[in-house]
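These notes concern the structure reproduced below.
Since the structure is predicted, the reported quantities are computational estimates derived from the model, not experimental observations. First listed ligand is number 1; within each ligand, the first listed atom is number 1.
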Amino acid sequence: MGMPTVRDLKAKAGDEPITMLTAYDAPTAAIVDEAGTDIILVGDSLGNTSLGYETTLPVTVDDMVRHTAAVARVTDDALVVADMPFLSIGVDESDSIENAGRMLKEADAQAVKLECGPHTVDLTAKLVQLGIPVMAHLGLTPQHVNQYGGYPRQGTDQESAERILELARKHEEAGAFSLVLEHVPANLAEKVTDALDVPTIGIGAGPGCDGQVLVINDVVGLSDWEPPFAKQFGDVRSEMENAVEKYNDAVESGEFPAEEHSHYEDDLDELY
Ligand code: KIV
């Protein structure tokens with residue numbers, strides 16, 4: 001896919017919902033891409049899933065550049081979207097532009113995702129004008145964990161639902177090419193989806209969005225903790241535990257390495 005547009009995304013997915021998954025490294029991205037996933041998000045969930053942090057807050061722009069580049073190197077068909085980490089945007093406009101630009105210039109992403117609020121409307125317009133496509137993200141924005149005191153559902157009362165709808169419209173007007181809606185009531189997600197021309201991609205937002213996204217570790221069964229809206233479709237943890245136990249047993253019993261894993265040089269016998 002070339003430059004991401006609504007048309008590209010809708011055309012690619014056809015009448016079926018858009019599929020989006022996170023990936024943070026090359027082997028996982030290759031699997032996700034080869035399976036025909038429409039969008040790979042290099043989420044700042046990198047912090048929890050791969051870097052051992054409790055939240056996404058410590059993730060840096062350099063972390064995102066390195067992991068996005070690894071994903072983009074092996075991705076042929078999916079759209080690669082890089083998440084902008086905590087405080088990398090929204091503090092100072094030129095820093096925000098430079099940080100977002102690095103995801104395209106250095107890491108070969110095709111778009112960036114911003115955790116949004118009133119402060120990202122003008123920035124979205126500016127980034128889009130400069131040629132940096134923006135995926136907006138509303139509802140639960142995990143970079144606000146300290147304000148929320150956890151990861152609660154959002155848009156559950158009239159006022160906050162209106163705020164999400166209004167911000168969704170504003171980000172579309174500013175040029176965002178799609179919108180992630182996280183952990184909001186399904187009926188709010190349907191309303192937002194109806195109100196926008198650009199596709200919505202839901203996570204914990206019900207079936208009424210134009211697409212769905214989940215964190216790959218939750219999908220394959222590799223997470224210590226999963227949000228209530230995630231679904232596990234595989235059991236990679238058990239597979240890995242099995243393989244590691246078998247390896248340890250084989251080394252301890254002397255079964256590994258066997259003859260076929262070893263090589264000998266006749267000349268070296270003379271060393272003794
Ligand atoms: O960082 C992330 O993985 C995300 C998705 C959950 C949407 O923002």
Do the side chains of [X] and [Y] join up, straight or via other hydrophobic residues, at under 4.5 Å, putting them in one cluster?
{"X": "M84", "Y": "V128", "result": "yes"}
{"X": "L51", "Y": "L222", "result": "yes"}
{"X": "F233", "Y": "L21", "result": "yes"}

Which residue and non-hydrogen atom of the protein lie closest to [atom], and at what distance in Å?
{"atom": "atom 4 (C) of ligand 1", "result": "L41 CD2, 3.7 Å"}
{"atom": "atom 8 (O) of ligand 1", "result": "K113 NZ, 3.0 Å"}
{"atom": "atom 3 (O) of ligand 1", "result": "S45 OG, 2.5 Å"}

Atom indices of ligand 1 within 4.0 angstrom of [X] heavy atoms, with elements:
{"X": "I203", "result": "6 (C)"}
{"X": "T22", "result": "3 (O)"}
{"X": "G43", "result": "1 (O), 2 (C), 3 (O)"}
{"X": "D83", "result": "1 (O), 2 (C), 8 (O)"}

Next item on the list: Return a yes/no value for Y24: is any of its N or O atoms, backbone included, closer than 3.5 angstrom to an N or O of ligand 1?
Entry: no
Notebook entry, point to check: Could you go step by step and tell me if H183 and F229 meet the ring pair (Phe, Tyr, Trp, His ring centres under 6.0 Å) rule?
Noted result: CA-CA 8 Å; H183 215 7; F229 49 75; 4.8 Å; yes
Note to self: I'd like to know if the side chain of D249 and the backbone of K246 have a donor-acceptor N/O pair within less than 3.5 Å.
What the structure shows: no
Margin query: A quick test of your reading: do over 12 heavy atoms of other residues, nucleotides or ligands sit less than 6.0 Å from CZ of R237?
Written below: yes
Margin query: Taking only non-hydrogen atoms of H137, do any sit less than 4.0 angstrom from ligand 1?
Written below: yes
Margin query: Looking only at the side chains, is there a donor atom on one of S96 and N99 sitting less than 3.5 Å from an acceptor on the other?
Written below: no
